[in-house]
Every structure is written in structure tokens, then in C-alpha cells.
Amino acid sequence: MDTVKPMGTEKDTVKGIVDSIVYRNEENGYTVCMLEDSDGLPITVVGIMPYINEGDSLCATGMWTTHKIYGRQFNAETFDRSLPAEEGDILRYLASGAVKGIGPKTAQKIVEKFGTDSFDVIENNPEWLASIQGISRQKAKEMSENFRNISGSREFMMFSRDFFPSATAMRIYKKWGGVAIDRIRNNPYSLCSAFRGIGFKRADVIAATVGLPRDSSARVEAGILHVLSTEAVRNGHTCLPYDTLVECALGLLFGMDVSCKEKLTEKIDEMCEGNRLFCVTTPDGRFVYHPHIYEAETYVARKLCELDRLCPSLDERDIELLIDKSEAYSRIRYAPMQRKAIVGSLSGGVMVLTGGPGTGKTTIVKGLLHIFESLDYSVSLAAPTGRAAKRMSEATSHEAKTIHRLLEMEYSGDETEAKFLRNRSNPIEEKVIIIDEASMIDIVLMEALLCAVRGGTKLILIGDGDQLPSVGCGAVLGDVISSGAFRVVCLNEVFRQAETSSIITNAHRINMGLMPEVSSKGTDFFFLERRSDEATAQTVVELVTKRLPKTYGANIVNRLQIITPSRKGAAGTESLNAMLQAAMNPAAKGRQEKRSRNIVFRAGDRVMQTKNNYQTEWSTTYGDTGFGVFNGDIGVIETIDTENEIITVNFDDKRCEYDYSMLEELEHAYAITVHKSQGSEYPVVIIPVYHCAPMLQSRNLLYTAVTRASGMVIIVGDRQVLRNMVENDYQADRCTMLASLISREMN
């Protein structure tokens, strides 16, 4: 062993016998063990090493590191192991309790009698164990079964080491057990549907390794499903035209070899006949769905029509009287379109209210809350994100929840999505449900919501159709509007009190394809022209670290958010986050930090949760507790506990603990993308406009970024890029069928 090798500078390998297990996390396989090398020297080895036991012969590859408390240790990235061969090591292994039913005394008896053949006897001739006093035939059988299970896990971990990280392999074995290798050899693509995070491409590598033919039925079927899933995630399509699906799958599976096209169409038709795909025929052609998306879109269409049909409406004269009373109570007079929106909300089951900033949507919601209260109708307010729900609560003085919380979501295991306690058999109790920021709702979340809405409930959807569509697949709000089946009121009048805000007037100018006005002094909307992307990025950093704090005070830093079109480029989130961390939260003595996937997290960093995690527990200063941190939530790292390997993040007074294995769910949030900002509002927003991908230089993306600000907007960058964004009203159409499915239901 090279005792002077530098820490963490190059890969190394250590070999030896596992002397003891210091710590093991049974859930993820993280293990700390003491290894005795060939010279008899102890080595501390840490890493994801499930199922190793005392006495194992271990060979690990990784890097030497120095722990602040525990000193020099070896961080294993990959490992190999084998059962011990020497009698002393075999005794140590069996005495460790690795095999259920065998303790130190029994281990001593077995090794004394069978020596180096002990493992072979336990596995293949367990009845021989019954000749030892204290071991019955039944106990011997149980010992053998447990040993074979352990051997199976070892065999699987070795089989899968070239395909999966150890933690993933552990998940697979826990679920499939001893048949895992056979299942993977027979059909590697079954992994895709059974385990989150294992996609077609990884399964394809395994298939090639185990010799599965390129044109096998399992591969073709998995490839077709992969195309549909990828298009849903990447482009928001809920379905694809039949011919488009064929072309995409042909390219993926056979490199556009047209001789394979017939085989592909036969497979698609077979899957449709067996309900493993669904095909909808319209006058525009045939469209193919992934089964669970088909079920979601057809259910949403059916349930919306049912709600609108079954909900009792009030008499027109009563409605007018209620509105008059609301005006008297609020001491305001509703504009004609606002009055129309309230009438529509009271007249039927489903109502859609759209409009940009300053058009009076909040005034309508307040009026409706007063009217429903006077009718003794219980009301639920909700929005897709926590920040949007908080804004709704503040604007209306009524509690608003996230849709997930409204549905009483709970985490239901490692391999499944969220489970909602509110569903068909346990519906939401309120008579009225008002949803804000409805443009953010994808088809899957809409299905979950409607499953929990009982017949006769009023559903009011509020949103801005000119903002970016949902991150998930579907175009729910747009399709509901374009179906023509429900009451829709579009507010387009900016009220006098809102006209004093340059943010609002410029948002509407941008939406109309006009350049924002930035010439007047004392405004809340600024444009700082910079000729290069690098100068744009540098100016953003200067604004945050020097210019804005100097003018408005240091506290403004906590009230602003940088929102940029892209992750990539000189002024993208990756570059800006690195620059801002270096400027605002640099490395310093005593400041805790942790490196993960080439990102350094430090105490004091602003970070964002990048995926829904339904099992993360949080607690507040006031003692409240709960579960769930969601994609887009922004917080600050409070502490990094290097001893216990835990990072504590504060999300608006909800403190969550992340162990190091969860850090892939976090990224820096000094700067975020426009897509990640949806549903949020910030006092000050800085928007870099630079030479990013042309598809991101669009009007609705700029409009969405501007409307995230409540107090000030500062646009920094190239004037021509800004003009390009204002003039580019292109929006990629999503292939969805919800509008036509609604029309079909109504007829």
C-alpha cells in the first residue's frame, strides 16, 4: 500500500479481507468497513457497497480522501468481492451473522466439521448440517435458503456492475430477487417500465451485451414506447401522428433502414390491438398514444364535460343580485368583462378566466369568494406550485394550497409516483375549486385533480394563455379554451391603477409584438444595453453584487431573481451561477462545502429543488411538519454537516435535510431558467438577453420572464436579441387531442 499517495488526485485500487462493518445504510447500500490488506494494515473503505460482510475478499477502485474527523479513507467507486477461501476467514464470515440462523458458536461447529467446504455444504447439502448438535433439518434448510439468497445477491451485483451503479442494482435486486438476472437476460427492456431512471438507451446497451437480436420483438416494442415517452418529455406531445411515430422509431431502432418499416408498422398495429398502445382516428389522420397518457387525456375530457353538465346553475336574476351585493360590499364597480366572468362562474360547472397582468383577475376571485361565502359554498383555492399558492393566499387573504397538497399527496414507495389520498373514492369536499396559474397544469396532474373532484362541483381555471406552456406534456388550458365547450372570459383591459406600472404596460407591449418602452426616468423597467454575451453576464454580476445594493440597500439581494432563457451560454444559468457563487459566497475558512457532480455546494448558497420528492420531510420554526419538496422550490443552504453527511436547506421556513446521496436533486439558483420560474413572482427580476438557442429567443418566453416581476425589471443585453424575442411569436405546437376529445364528449 502506497501510504504517501496524494489525496483524491488519481484512481487507485485496494485489496484485502473485510475485518468489520462499521456502518451500513440498508436502504441505499452505503457502507463503511475496515479492510485488512495483505500487509495486515487496516484501511477504512467507504462507498455504495451493498451486501458485503465480514470475511469477504474485497477489491475496490476509487480515490484516497481525508475526512475532517475520521482521517484518511478510501472512497470506493467500484468494487469486486468473493467469498473467503481460508478457514479463518470463512469462520469470521459465518460468525458475523451474515447468514441468518448462524451465530459465532454454530459457525465454529460448522467450520470445525466441514472446513473449507463449509459454503458448499450450506448451499448444496444442507441436510449434512443436521449431523451437528443443535441444528435441526428444518433449521439447516432455512440456513441454506438464506445463504442462497445472499449468493444470488452477490451474483447479481457482479452481473450488473458494468450496467448500473451499485445503488440502482440494489433496488433491482430488492424488487426482483433471485430471478433478476434471468429477467434481464430474457428482456432487458422490462427494466424501463419497472424502474424509474432506467431508460431505453441503457437497456439497449444491456441487450447488446447479452446478445438480444436487434430486431427482437421486445426491443421494437420498447423503442416505440420510448419514442412516445421522449416526445412527451421533450416536446410536450401527448400523442403522435401514426406516420411520425413510425419514422421516429425507424430512426431510433434501425437507422432509417426502410426494409424494417413493415416490421415496425406490424408491431405498432399489434400493440394497438392488445391495448399496449391506443390509436385515435380523426379526419386529420391517426394518432397514437402511450396507454397512461391516453387514459389521462380521455378521462380529463370526459370529466370536464360531466362537471359542466351536472353542476346546478343559479337563476340569472339571483346572479345579478349577488353581483350587486358584492359590489356594495367591496365598494367597487366591476367592469363589463369582470361582471361577465362572475356570471360565467356562477352559471355552470366549468369556467375559464384568462388575462395578462393588471387586468383584474384577482378582483374577480375576491368577488367570487365573497359571493360563495354568502351562499354557504365551501371553496378551495389552489395552484400548481408553492410560490403561486403563496401569492394567491396573499392576494385574496384566503388559504391557497398547492394542487399536490389539496390532493393530500403521499409518497408510496421507491418505484412509484406520488399517491394522492384524494381520489375517486375519497373526493375533495369543497363545492367550488379555483385553480390559479392553470397554464402550468399538465395532463397527468389534471387527471389526478379531476379524479378527486366530485360531481356537481364548480371548477374555475385561471391562467394566462400567453405564458409558456406546462413543463409536463399536454396543453390543458389552451385545449379547454379552444374546444369551445365551456364558458371562457378573456380580460384584456388594463385598469388605471395598473397603468402606472411600466412592468405591466411593457408586458402587454411585448405580448402585442412591440418593443418595451424604457426611455422614461424614474420607471420600474430598465434596459441596459451590452454588445457581447460576456459583457451581459458581467453586468448581471455587478448589478447583484454592487450597483443594486448601493442604490437600494443590501437587502435587495434577497428580493431579486435572475431569470435567463437557457442553461447554456455565457449568460446561461450554468455560467451565471458559477460567477455569482464566486462573487457572493466564495470559499472561505470555516465555510462548509460539499462537491457533488462537479458542483460545489456551500453554506449560504441559494439552491433549487429539481425534481418532485414526495418523501422528504420538512419542519418549520413553529413546529409544523410535513412531507414533500417540489421541482422549482428555491431555498438557502443553512448548514453542511460533514460528519453525518447531511445538508440542511431552508425553503421559506421549511427546513429539509438532504443526505449526500440526494444532492443530485439540487442545483444552484442564483440564476434560473424562465421555465423554472413559472408560477413564481419576485420583487426584482433581472433578465439577460443574449445569443442563446434561436428557439429560446421567443416572445412568450420573454413575456413570461417579465411577468414574474412585481416591483422592478432590469433587462441586460443585446438590443437586437431583445428585438428578435419581441418579434418572434412562434410557439411550437403540441400534438394533443384534448380539444377534439372534449368536442366528441359534448356531442
Side-chain angles (χ1 to χ4, degrees), residues 311 313-314 318-403 405-406 428 430-440 457-465 467 477 487-501 503-504 507 679-681 683 707-708 710-711:
C311 185
S313 61
L314 299 173
D318 292 336
I319 292 175
E320 293 297 332
L321 181 60
L322 287 167
I323 295 175
D324 292 341
K325 288 182 177 180
S326 177
E327 286 183 327
Y329 173 81
S330 305
R331 296 182 181 178
I332 62 172
R333 188 159 186 84
Y334 296 119
M337 292 303 290
Q338 289 180 313
R339 196 175 186 93
K340 182 179 179 181
I342 297 175
V343 171
S345 300
L346 298 173
S347 298
V350 177
M351 160 71 188
V352 179
L353 175 63
T354 70
T359 56
K361 296 190 296 293
T362 300
T363 300
I364 293 171
V365 175
K366 288 181 177 179
L368 286 171
L369 287 170
H370 175 257
I371 291 171
F372 288 134
E373 185 178 343
S374 70
L375 294 171
D376 201 26
Y377 284 9
S378 53
V379 181
S380 276
L381 303 182
T385 67
R387 286 181 176 269
K390 185 177 180 181
R391 285 171 52 206
M392 197 179 189
S393 294
E394 292 169 348
T396 62
S397 300
H398 283 70
E399 181 189 17
K401 303 176 180 178
T402 62
I403 296 175
R405 186 178 165 207
L406 177 67
I428 298 166
E430 283 75 13
K431 291 184 177 181
V432 181
I433 299 173
I434 302 176
I435 305 292
D436 197 11
E437 296 285 359
S439 63
M440 296 180 64
T457 300
K458 288 184 179 294
L459 177 66
I460 301 168
L461 302 175
I462 304 171
D464 187 341
Q467 291 187 20
L477 183 65
R487 297 161 187 81
V488 177
V489 174
C490 181
L491 304 175
N492 49 32
E493 178 186 356
V494 178
F495 289 94
R496 188 174 302 149
Q497 61 269 30
E499 290 177 346
T500 59
S501 168
I503 296 173
I504 291 175
S680 300
E681 185 177 84
T707 55
R708 299 308 89 205
S710 61

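Quick note: residue numbers are just sequence positions, from 1.
- In terms of heavy atoms, Asp464 sits closest to Pro357 at OD2-CD, 4.2 Å.
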Margin query: Would Ile332 and Thr363 count as a side-chain contact (heavy atoms from CB on, under 4.5 Å) here? Give the steps.
Written below: CA-CA 10 Å; Ile332 62 172; Thr363 300; 3.5 Å; yes
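- Formation of a donor-acceptor pair under 3.5 Å by the Lys431 side chain with backbone atoms of Val379 is not found in this model.
- With hydrogens and angles ignored, the 3.5 Å screen pairs no side-chain donor or acceptor of Ser347 with any backbone N or O of Ser313.
- Side chains of Ile364 and Ile462 form no contact here, defined as non-hydrogen atoms less than 4.5 Å apart.
- For the atom pair CD1 (Ile460) and CZ (Phe372), the distance works out to 4.5 Å, reported to the nearest 0.5 Å.
- Two residues are said to be in side-chain contact when any heavy atoms from C-beta on lie closer than 4.5 Å; Val489 and Met351 meet this criterion.
- With no hydrogens or angles considered, no side-chain donor-acceptor pair links Ser374 and Tyr329 at under 3.5 Å.
- In terms of heavy atoms, His370 sits closest to Lys325 at CE1-O, 4.3 Å.
- In this structure, Leu322 and Leu314 have side chains that are in contact, with non-hydrogen atoms separated by less than 4.5 Å.
- For the atom pair CE of Met440 and CG of Leu477, the computed distance is 12.0 Å after rounding to the nearest 0.5 Å.
- The two atoms that bring Cys311 and Gly349 nearest to each other are CB-CA, 3.4 Å, heavy atoms only.
- Summarising the geometry, atom CD belonging to Glu493 is positioned 9.5 Å from atom OG1 belonging to Thr359; distances are rounded to the nearest 0.5 Å.
- Using a 4.5 Å heavy-atom cutoff, the side chains of Lys390 and Glu394 are in contact.
- At a threshold of 4.5 Å between non-hydrogen side-chain atoms, the residues Ile371 and Tyr377 do not count as touching.
- Ion pairing between a basic and an acidic side chain is recognised when a charged N comes within 4.0 Å of a carboxylate O; Glu320 and Arg339 show such pairing.
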Check: Would Asp436 and Arg391 satisfy side-chain contact (heavy atoms from CB on, under 4.5 Å), going step by step from the backbone distance to the final call?
Finding: CA-CA 10 Å; Asp436 197 11; Arg391 285 171 52 206; 5.6 Å; no
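- Of the possible polar contacts, none joining the Lys340 side chain to the Val488 backbone as a donor-acceptor pair under 3.5 Å is found.
- Looking only at side-chain heavy atoms (C-beta outward), Ile342 and Leu368 come within less than 4.5 Å of each other.
- Note that the CG atom of Leu381 and the NE2 atom of His398 stand 7.0 Å from one another [nearest 0.5 Å].
- Across Ser710 and Ile503, no two heavy atoms sit closer than the pair C-CD1, 4.1 Å.
- Proximity of Leu491 to Leu353: side-chain heavy atoms (C-beta onward) are separated by under 4.5 Å at one or more points.
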Note to self: Using the rule given for side-chain contact (heavy atoms from CB on, under 4.5 Å), can you reason through Glu437 versus Thr385, listing the C-alpha separation, both sets of side-chain angles and the distance that settles it, and then say yes or no?
What the structure shows: CA-CA 9 Å; Glu437 296 285 359; Thr385 67; over 6 Å; no
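- The two residues Tyr334 and Gly367 come nearest to each other via the heavy atoms OH-CA, 3.3 Å.
- When side chains are defined from C-beta on, Glu373 does not count as touching Leu369, because their heavy atoms never get closer than 4.5 Å.
- Heavy-atom minimum distance, Gly344 versus Arg487: O-CD, 3.4 Å.
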